[in-house]
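See structure below.
Remember, it's a predicted structure, so these values are computed and weren't measured experimentally. Both ligands and their constituent atoms are indexed starting at 1 by order of listing.
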Amino acid sequence: MGLIVQKYGGTSVAGAERIKSVASRIARARRLQNRIVAVVSAMGDTTDDLIDLAHQITPDPDDREMDLLLSTGEVMSCALVSMALHAIGEPAIALTGAQAGIRTSRAHRRAHILSIDPERVTRELNRDRIVIVAGFQGSTEEFDTTTLGRGASDLTAVALAAALSADLCELYKDVDGVMTADPRLATGARLLDEIDYEEMLELAQQGAKVLAPRAVEMAAVYQVPIVVRSSFNDSAGTLIHEGVKMELRNKVRGVAHDTDVAKVTVQGVSDRPGISAALFEPLASLGISVDVIVQNASSHGVTDLSFTVSRGDLGRTVRAIEPVAREIGAQSVLASEGWAKVSIVGTGMQHAPGYAARMFRALANRGINIEMITTSEIRITCIVEAKRIGDAVATLHDAFQSDEASP
Ligand code: ADP
Ligand code: ASP
Ligand code: MG
């Protein structure tokens, strides 16, 4: 008898009919002699709607109360899915994150899972029940409700799969699996049968929102095999696992994009030791993560330094940087939104020259200007104007199609 942790995303549980169809899918998996834990997200746009509602009450809602509010979205879905199972004669029980033993840090809205005590879940499984768990949440030692960050129901599922030593973690989405690019932007995007953790992590970190990066990270650490598949059909989906680490690897595996990019440029900073540290330390202490950083070559001992942050962090970033910039004698701080990043990812690129040139040429031929560039061993990323991101993804997907198709 296998143990499978399934996860159903917001689109899959958006409405009574879809919840009933999720229940019959869970029942089918159970009839195949499996023990099932199903993690569910909030229905449709519930989380966004709750955030909007809070902002109609106050522009600056308290993080602790916000977590209590947001957690209700997932609590609703888990209760409803459990009821739908009861209605078709299946034994099921709905548990909140806290009841499922998920203990987290106190960092509201972006809490980390500290431990999972699977005792209650295991007890219910042993009573032959299907266990439905509210995703995206946990509780602190003081029983305060926390949430784990946007998109983190994926993380709940992988963490439970690790804690329960499940045989498989299945993530049900509104796409057939992991594709070579976001099918909303690249019409020719193809389904990948399998992908290894390293490539999937890079794609997720670069914005491929099909999977939350922290979920992939945890799956790699605990070696949890994941299948991403559609909740609307029976296609086999994509297997994410350790993979083949030999030469038969794809060059460009996929194209990822992210439109949540804001840029800050500090102009006219003097080029001497300690300046970058002085600028970035206050951001680190505010927990703001800085993504692409570019420092120009200095001329006459003065240089410009540009970096990107997520749009939601732009205001706090500028407020933190401006006093430091004045202190170190910089000329000005410029901030702008309306940027996006596009990346090509593939482990095979690391020993094959020429990929950067091909990427830049493809963008140039389409008249897309590159604002900033960064690379890792298995990725090349360009910052471009957000209004050109659709063109950029489609162009790069076309340009590297044949690479993706190679073994
Ligand atoms: P869920 O809420 O079910 O977790 P998400 O909406 O977060 O699902 O993720 C699914 C969406 O991710 C798809 O609808 C698709 O538009 C987007 N996406 C982005 N990149 C990819 C990719 N490479 N493969 C598949 N889907 C992708
Ligand atoms: N409902 C949460 C969100 O929208 C978590 C999730 O869906 O994974 O971010
Ligand atoms: Mg998601």
Contact with ligand 1 for [X], non-hydrogen, under 4.0 angstrom:
X      : answer
Ser153 : no
His257 : no
Gly151 : no
Asp174 : yes
Gly10  : yes

**Request:** For Arg28 and Asp234, run salt bridge (Lys or Arg N to Asp or Glu O under 4.0 Å): C-alpha distance rounded to whole Å, both residues' side-chain angles, the deciding distance at 0.1 Å, then the answer.
**Result:** CA-CA 12 Å; Arg28 237 192 303 154; Asp234 285 322; 3.5 Å; yes

**Item:** Within-cut-off N or O pair, Lys7 and ligand 2, under 3.5 Å
**Value:**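 Min N/O separation from ligand 2 is not below 3.5 Å for Lys7.
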
Could you see which bit of [X] sits under 4.0 Å from ligand 1, with heavy atoms only: side chain, backbone, both or neither?
X      : answer
Ala189 : neither
Val210 : both
Asp182 : both

**Message:** Minimum distance, heavy atoms only, to atom 24 (N) of ligand 1: which one of Lys209, Lys7, Met200, Met179 is it?
**Reply:**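 The residue whose heavy atom sits nearest atom 24 (N) of ligand 1 is Met179.
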
**Item:** Proximal candidate to atom 25 (C) of ligand 1 [heavy atom criterion; set Gly177, Ala208, Ala256]
**Value:** Gly177

**Prompt:** Residues in side-chain hydrogen bond (donor to acceptor under 3.5 Å, both in side chains) with Arg184, at least two apart?
**Reply:** Asp174

Please determine if [X] and [Y] form a salt bridge, counting it only when a charged side-chain N lies under 4.0 Å from a carboxylate O.
X      : Y      : result
Arg388 : Glu385 : no
Asp313 : Arg316 : yes
Glu141 : Arg106 : no
Arg123 : Glu119 : yes
Arg366 : Asp398 : no
Asp117 : Arg103 : no

**Request:** Please answer whether the main-chain N or O of Arg311 pairs with a side-chain N or O of Asp260 as donor and acceptor at a distance below 3.5 Å.
**Result:** yes

**Message:** Contact between ligand 2 and Gly151 is defined here as a heavy atom of the residue under 4.0 Å from a ligand atom; is it met?
**Reply:** yes

**Prompt:** Going by the atom numbers of ligand 1, which of them fall below 4.0 Å from some non-hydrogen atom of Arg184?
**Reply:** 13 (C), 14 (O), 15 (C), 16 (O)

**Message:** Is the contact between Ala152 and ligand 2 made by the side chain, the backbone, both, or neither, using heavy atoms and a 4.0 Å cut-off?
**Reply:**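 The answer is the backbone of Ala152.
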
**Complete:** Taking only non-hydrogen atoms of Glu74 and a 4.0 Å limit, the atoms of ligand 2 in range are 1 (N), 2 (C), 5 (C)

**Request:** Taking only heavy atoms of Arg150 into account, list the atoms of ligand 2 that are under 4.0 Å away from them.
**Result:** 3 (C), 4 (O), 9 (O)

**Asked** Are Lys263 and Met372 close enough that some pair of their side-chain heavy atoms sits under 4.5 Å apart?
**Response**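 Side-chain contact under 4.5 Å: yes.
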
Which atom pairs, one a donor and one an acceptor, fall under 3.5 Å between side chains of residues 280-290 and the rest of the protein, sequence neighbours left out?
residue: Ser285; atom: OG; partner: Glu281; partner atom: O; Å: 3.4
residue: Ser285; atom: OG; partner: Pro282; partner atom: O; Å: 3.0

Please report which non-hydrogen protein atom sits nearest to [atom], along with the residue it belongs to and the distance in Å to one decimal place.
atom                   : value
atom 8 (O) of ligand 1 : Lys173 CD, 3.5 Å
atom 7 (O) of ligand 2 : Ser41 OG, 3.1 Å
atom 3 (O) of ligand 1 : Gly9 CA, 3.2 Å

**Prompt:** In terms of side-chain heavy atoms, does Gln401 have a donor or acceptor partner in Arg190 at a distance below 3.5 Å?
**Reply:** yes

